[in-house]
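Input: a single structure, listed below in structure tokens.
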Amino acid sequence: AQRKGKSPVFKAHVRTRKGAVKLRAIDYAERRGYVRGVIKEILHDPGRGAPVAKIQFLNAYRFKRDTELMVATEGMYTGQFIYCGKKATLNVGNVLPLKQVPEGTIVCNVEARVGDRGAFARGSGCFAVVISHDEDKGTTRLRLPSGGKKTVPSKVRAQIGVVAGGGRTDKPLLKAGNAYHKYAVKRNEWPKIRGVAKNPVEHPFGGGNHQHIGRPSTVSKEAPSGRKVGLIGARRTGRLRGVKKLGQDKD
């Protein structure tokens, strides 16, 4: 809707959330050696399908402890030691630079740029696969959860393993009440009223006797906002028939 950008009506509901989920801020210890942390608890974060882990590290410069919220990987438990850094071992939950990780490893919460503290494969049950390393360029190829390939610098960090909370969408919501509570903690995006059920003043597909679109459902990418409803900039329409061709076998 055109109103999505304005007004506080469509803002995310963040009051009960636990906080931003990130890797540790990169420091000398992670670049050269490793840092040990301990998992204090595994929490449910409202509006997020995956659980998060509260991990405590000793601060290297002050007499205090730092707590970080990280993505919980499958197989984590409270009291487990987590190692972050270049010299950390290849165990589930540990954080390593991708250049220390062999090809074919399953990783999650991967950075896009060095030090951005996690960008890809963070949703419940998601993981990325390290396809290949290019030593000369200092880059690594990943296969992302979408099936797409991405080249990232080999120095970016990633957690080892699969994000916990997988298989969440296998169970049907069954009733409207469950959907209501699911989206109540996310943001105002449910229920969605169909365009054909509206009046002409509210939607390009609205109005007319008998609910029908009455114009092509495909629309140009250059259309002005307001007209831009339906299948935007569609290359093709219709059902997907035949096998899905993933670009997995090309390299």
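When a residue number appears, it is its place in the shown sequence, counting from 1.
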Quick one: side chains of residues 103-110, donor-acceptor pairs under 3.5 Å with protein atoms, not counting sequence neighbours, listed by atom name and distance.
residue	atom	partner	partner atom	Å
E103	OE2	H133	N	3.4
T105	OG1	P102	O	2.5
N109	OD1	R122	NH1	3.2
N109	ND2	Q159	OE1	3.0

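- Between R24 and E30 a salt bridge is recorded (basic side-chain N to carboxylate O distance below 4.0 Å).
- In this structure, N91 contributes its side chain and N94 its backbone to no donor-acceptor pair below 3.5 Å.
- Both V114 and I160 belong to a common hydrophobic cluster when Ile, Leu, Val, Met, Phe, Trp and Tyr are linked at side-chain heavy-atom distances under 4.5 angstrom.
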May I have the list of side-chain donor-acceptor pairs in residues 45-57 shorter than 3.5 Å, sequence neighbours left out?
residue	atom	partner	partner atom	Å
D45	OD1	K18	N	3.0
D45	OD2	R48	NE	3.0
K54	NZ	E41	OE2	3.4

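- By the neighbour-count criterion of 12 heavy atoms within 6.0 Å, atom CZ of R65 is sparsely surrounded, having that number or fewer from other residues, nucleotides or ligands.
- Looking only at side-chain heavy atoms (C-beta outward), L142 and V129 stay at 4.5 Å or farther from each other.
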N/O donor to acceptor pairs below 3.5 angstrom from side-chain atoms of residues 68-84, sequence neighbours left out:
residue	atom	partner	partner atom	Å
E68	OE1	R117	NH2	3.2
Q80	OE1	Y77	N	3.1

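- Pairs of residues two or more places apart, or lying in two chains, that qualify as side chain to side chain donor-acceptor pair (under 3.5 Å) and include a residue from residues 203-223 are R194-Q211.
- For the pair V152/E111, no side-chain contact is recorded, criterion being any heavy-atom separation below 4.5 Å from C-beta on.
- For the pair A112 and P153, the tightest heavy-atom approach, listed with the atom from each and the gap, is O-CD, 3.7 Å.
- Among residues two or more places apart in sequence or in another chain, the side chain to side chain donor-acceptor pair (under 3.5 Å) test is passed with S154 by T140.
- Within the structure, side chain to side chain donor-acceptor pair (under 3.5 Å) pairs that include any residue of residues 160-179 comprise S124-R168 (at least two apart or interchain).
- A heavy-atom distance below 4.5 Å is found between the side chains of K150 and F120.
- Within the 4.5 Å cutoff, the side chain of K182 has heavy atoms near those of the L173 side chain.
- Judged by distance alone, with hydrogens and angles left aside, the side-chain atoms of R143 form no donor-acceptor pair with the main-chain N or O of S146 at under 3.5 Å.
- Within the 4.5 Å cutoff, the side chain of V101 has heavy atoms near those of the L90 side chain.
- The shortest distance between side-chain heavy atoms of K86 and R31 does not fall below 4.5 Å.
- Atoms OH and NZ, from Y61 and K64 in turn, are 12.0 Å apart once rounded to the nearest 0.5 Å.
- Residue R236 places its CZ atom among more than 12 non-hydrogen atoms of other residues, nucleotides or ligands, all under 6.0 Å distant.
- R32 places no side-chain N or O within donor-acceptor distance of the main-chain N or O of K87, the cut-off being under 3.5 Å.
- Between V156 and R113, every side-chain heavy-atom pair lies at or beyond the 4.5 Å cut-off.
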